[in-house]
Amino acid sequence: MPADIPELTYHQGTVKINGNISVPYAYWDERSKTFRAHGLYYKNIISYLKESSIEYKDSVPNPVSCPELKHLYKDNIQLRDYQQDAISSWIQNNYQGVIVLPTGSGKTFIGVDAIAYCNTPVIVIVPTIDLMEQWRSILSKAFSIEIGALGGGKKDIQPITVSTYDSAYIHAEKIGNRFNFIVFDEVHHLPAEGYRTIAEMFIAPYRMGLTATYEREDGLHKELNRLVGGKVFEQELSSLSGKHLSPYRIEKITVALKDEEKKEYKRNHSIFTDYLKKKNISMKSPGDFQKLVIRSGSDPEARKALLARNRAREIAFNSSAKVEKLRDILKKHIHDFVFIFTEHNQLVYRISDEFLIPPITYKTTTRERNLILEKFKSGTYNAIVTSKVLDEGIDVPEASVGIILSGTGSKREYIQRLGRILRKQKGKEAVLYEIVSAETSEINTSKRRKPAQ
DNA sequence: TTGACTCAACATCCTTTGCTACAA
DNA sequence: TTGTAGGTTTCCATGTTGAGTCA
């Protein structure tokens with residue numbers, strides 16, 4: 001091989017092109033005096049060099065030594081038709097893209113099957129340590145080999161490794177060339193400013209994203225096209241409801257604020273709206289709101305307006321009438337398993353005290369949380385009150401009744417909460433109650449969170 | 001090993017109605 | 001004519017997690 005043949009190497013999350021040639025996606029790096037590109041574009045660069053018949057030496061991949069996964073795979077999971085279709089669509093899209101399926105529809109099994117199919121070193125990225133342990137448990141049963149872990153104090157790289165987003169972010173520049181396949185569970189987290197560098201630093205040409213909630217409120221899900229390959233398969237909740245998931249109905253209940261609360265709400269709300277009017281500020285998107293927050297750093301009036309708006313929201317979200325309505329609903333479902341969701345922890349603890357229902361918030365220790373969930377599963381408890389902790393990332397027992405006392409306008413949060421009551425239960429219709437304070441901005445918040453029908 | 005703590009990162013955030021300047 | 005963006009640049013509060021440190 002002639003000495004002047006360009007060589008590609010991996011360095012700190014990038015592909016370095018040693019030899020003075022320019023390739024697509026590469027930029028000139030003055031410090032190393034070479035062209036380099038994000039690891040993400042490794043596949044494109046190789047394709048370009050091959051298509052252009054340019055000779056090169058490839059020293060980029062350094063894969064973890066891997067046994068024949070397809071032979072180890074205990075193929076005892078019978079994939080459902082839509083799961084099979086999801087994998088086919090992903091394969092047709094050159095082993096890249098995001099699969100969108102409702103909570104409880106078996107996304108993990110799709111990932112496991114794809115890992116066996118690709119038969120190559122793989123890293124699975126998950127948002128929480130709880131999920132990391134769930135994946136590791138499923139994977140070790142499916143392949144009977146040791147499953148690596150990165151995160152939660154563990155640093156053990158194996159042909160199949162599961163990592164948290166945080167740890168993958170920290171170690172990406174060192175291990176980004178060690179896997180050919182990367183699976184992002186709960187992939188809607190990936191476009192966040194920090195986490196996206198994981199996708200940029202890994203060279204893995206095979207990429208799969210799994211989520212129940214593709215869209216982000218900040219619109220950054222568009223980045224998933226570049227980072228993972230865009231949406232390749234989606235199955236609506238409605239098409240699985242009744243067959244693979246419980247049938248369900250949604251009941252929206254509007255309650256009036258008490259006179260005192262109403263007065264206090266109006267007073268605070270007008271401080272906010274008066275300020276907007278006075279400054280001629282329009283409020284149409286989260287971006288507009290963000291501008292107001294920035295403004296509040298230097299404008300005391302803006303700060304006062306924001307605090308008043310927060311107080312008004314607090315009144316609407318935590319009204320006494322909601323608690324009374326909750327009492328009625330709980331009486332009606334005395335023999336059912338119930339999750340109660342709120343926006344603020346203050347209300348969680350108030351309900352817990354008043355109705356003697358165990359609370360779970362981020363302040364609850366892991367041990368206590370597991371104990372509560374275990375007792376809920378065994379039937380000792382039939383209700384849990386929580387704010388947002390159980391929205392995602394924790395394996396939660398089945399329930400058939402959900403009560404949203406308050407929440408944000410996030411579609412994701414709404415879908416995740418609905419998902420908590422839809423795991424298939426024979427002959428059982430799930431019901432989601434949404435309780436909203438009348439004549440408050442919560443009416444709009446509630447409208448925003450509903451996914452398009 | 002466990003627990004308590006701090007820190008950084010992530011997520012949400014949305015009124016009532018017009019005005020101006022500029023781009024397509 | 002119609003459509004659309006519009007004040008930048010450390011950022012109100014609340015909830016949540018993982019990583020890291022230290023006792």
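This structure is a prediction, so every number in the text was calculated from the model and none was measured. In what follows, chains carry the letters A, B, and so on, assigned in the order in which the sequence lines appear, proteins first and then strands, with residues in each chain numbered from 1.
- Listed by residue number, Thr164(A), Asp166(A), Ser167(A), Ile170(A) are the residues of residues 160-175 of chain A with a heavy-atom contact under 4.0 Å to DNA chain C.
- Between Arg303(A) and dC12(C) there is no side-chain polar atom (N or O) within less than 4.0 angstrom of OP1 or OP2.
- Contact annotation: Arg311(A) side-chain N/O to dT14(C) OP1/OP2 distance is not under 4.0 Å.
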Which is it for Phe337(A) and Glu398(A) under the side chain to side chain contact (heavy atoms under 4.5 Å, CB included) test, yes or no, and what are the steps along the way? CA-CA 8 Å; Phe337(A) 287 89; Glu398(A) 288 168 9; over 6 Å; no

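- Among dG15(C), dC13(B), dA19(C), the nucleotide with an atom closest to any side-chain atom of Ile129(A) is dA19(C).
- Tested against Glu442(A) for a salt bridge (charged side-chain N to carboxylate O under 4.0 Å, His left out), the candidates Lys252(A), Arg313(A), Lys322(A), Lys447(A) yield a single pass: Lys322(A).
- Atom name P, nucleotides dC14(B) and dG15(C): the rounded distance is 16 Å, in whole Å.
- In this structure, Tyr117(A) has its ring center no closer than 6.0 Å to that of Phe181(A).
- A salt bridge between Lys377(A) and Glu374(A) is absent, with no side-chain N of the basic residue lying under 4.0 Å from a carboxylate O of the acidic one.
- Heavy-atom distances to DNA chain C give each of Glu343(A) and Asn310(A) a nearest nucleotide, and the one nearer the 5′ end belongs to Asn310(A).
- Residue whose closest nucleotide on DNA chain C sits further toward the 5' end, between Lys388(A) and Leu306(A): Leu306(A).
- Distance from the side chain of Thr273(A) is smallest for dT16(B) among the nucleotides dG18(C), dT12(B), dT16(B).
- Listed candidates were dC12(C), dT16(C), dC10(B). Nearest to the side chain of Asn345(A) is dT16(C).
- The gap from the P atom of dC22(B) to that of dG7(C) amounts to 13 Å, rounded to the nearest Å.
- Ion pairing between Asp156(A) and Lys154(A) fails under the 4.0 Å rule for side-chain N and carboxylate O.
- Salt-bridge check for Arg196(A) with Glu223(A): passed, with a basic side-chain N closer than 4.0 Å to an acidic carboxylate O.
- Nucleotide dT1(B) forms no Watson-Crick or G-U wobble pair with any nucleotide shown, as no partner meets the under 3.5 Å limit on both distances.
- Between the C1' atom of dC13(B) and the CD atom of Glu413(A) lies a distance of 12 Å, rounded to the nearest Å.
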Are Tyr73(A) and Val112(A) close enough, and set up right, to give a side chain to side chain contact (heavy atoms under 4.5 Å, CB included), and what steps lead you there? CA-CA 9 Å; Tyr73(A) 185 42; Val112(A) 173; 3.7 Å; yes

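- Rounded to the nearest 0.5 Å, atoms NZ (Lys263(A)) and CZ (Arg267(A)) are 10.0 Å apart.
- DNA chain C lies under 4.0 Å from no heavy atom of any residue of residues 258-270 of chain A.
- Note on Arg313(A): a side-chain N or O is less than 4.0 Å away from OP1 or OP2 of dC14(B).
- Here, dT10(C) and dT16(B) have their C1' atoms 32 Å apart, quoted to the whole Å.
- Following rounding to the nearest Å, Ile360(A) (CD1) and dG15(C) (P) show an atom-to-atom distance of 16 Å.
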For nucleotides 9-11 of chain C, give me every protein contact, N/O to N/O, under 3.5 Å, one pair per line with atom names.
residue	atom	partner	partner atom	Å
dC11(C)	O2	Gln290(A)	NE2	2.9
dC11(C)	N3	Gln290(A)	NE2	3.4

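- A distance of 10.0 Å separates CG of Leu227(A) from NE2 of His38(A), quoted to the nearest 0.5 Å.
- His188(A) contributes atom NE2, which lies 4.0 Å from atom OG1 of Thr213(A) (distance to the nearest 0.5 angstrom).
- For the atom pair CZ of Phe317(A) and CG of Leu405(A), the computed distance is 11.5 Å after rounding to the nearest 0.5 Å.
- A perpendicular orientation is assigned to the rings of Tyr95(A) and Trp90(A), their planes being inclined by more than 60° (bins at 30° and 60°).
- Between Arg196(A) atom CZ and dA9(B) atom C1' there is a gap of 14 Å when expressed in whole angstrom units.
- An OP1 or OP2 oxygen of dT12(B) is reached within less than 4.0 angstrom by no side-chain nitrogen or oxygen of Arg449(A).
- For the pair Arg417(A) CZ and dT12(B) P, the interatomic distance rounds to 12 Å; values are reported in whole Å.
- Atoms NZ (Lys154(A)) and C1' (dG20(C)) sit 17 Å apart, rounded to a whole Å.
- Ring geometry for His269(A) versus Phe272(A): interplanar angle of 30 to 60°, hence tilted.
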Interface polar pairs with nucleotides 17-20 of chain B, N/O, under 3.5 angstrom:
residue	atom	partner	partner atom	Å
dG18(B)	O6	Lys284(A)	NZ	3.3
dG18(B)	N2	Asn280(A)	OD1	3.1
dG18(B)	N2	Asn280(A)	ND2	3.4

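- Note: Ile99(A) CD1 to Glu234(A) CD = 11.5 Å, rounded to the nearest 0.5 Å.
- Side-chain N or O atoms of Arg449(A) include one that pairs as donor or acceptor with a backbone N or O of Thr408(A) at under 3.5 Å.
- The distance from the CD1 atom of Ile404(A) to the CD atom of Glu343(A) is 11.0 Å, given to the nearest 0.5 Å.
- Within residues 208-225 of chain A, the residues having any heavy atom under 4.0 Å from DNA chain B are, by residue number, Arg216(A), Glu217(A).
- Nucleotides dT9(C) and dT17(B), compared at atom C1', are 30 Å apart to the nearest Å.
- For the pair Leu292(A) CG and dC14(B) C1', the computed distance is 11 Å after rounding to whole Å.
- When the C1' atom is compared between dC13(B) and dT14(C), the two are found 11 Å apart, to the nearest whole Å.
- A donor N or O paired with an acceptor N or O is not found under 3.5 Å between the base of dC14(B) and the side-chain atoms of Asp288(A).
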Please report the C-alpha distance between Ile360(A) and Leu373(A) in whole Å, then the side-chain angles of each, then the deciding distance to 0.1 Å, and finally whether the side chain to side chain contact (heavy atoms under 4.5 Å, CB included) criterion is met. CA-CA 9 Å; Ile360(A) 296 181; Leu373(A) 290 173; 4.1 Å; yes

Distances for protein N/O vs nucleotides 1-6 of chain B N/O pairs under 3.5 angstrom?
residue	atom	partner	partner atom	Å
dG3(B)	OP1	Arg367(A)	NH2	2.8

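- When the P atom of dT12(B) is taken as reference, atom NZ of Lys411(A) falls 11 Å away, rounded to whole Å.
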Is there a side chain to side chain contact (heavy atoms under 4.5 Å, CB included) between Ile125(A) and Leu190(A) once you walk through the steps? CA-CA 10 Å; Ile125(A) 319 284; Leu190(A) 188 66; over 6 Å; no

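- Residue His189(A) places no side-chain N or O under 4.0 Å from the OP1 or OP2 atom of dT17(C).
- Regarding Asn444(A), its CG atom lies at a distance of 13 Å from the C1' atom of dC13(B), rounded to whole Å.
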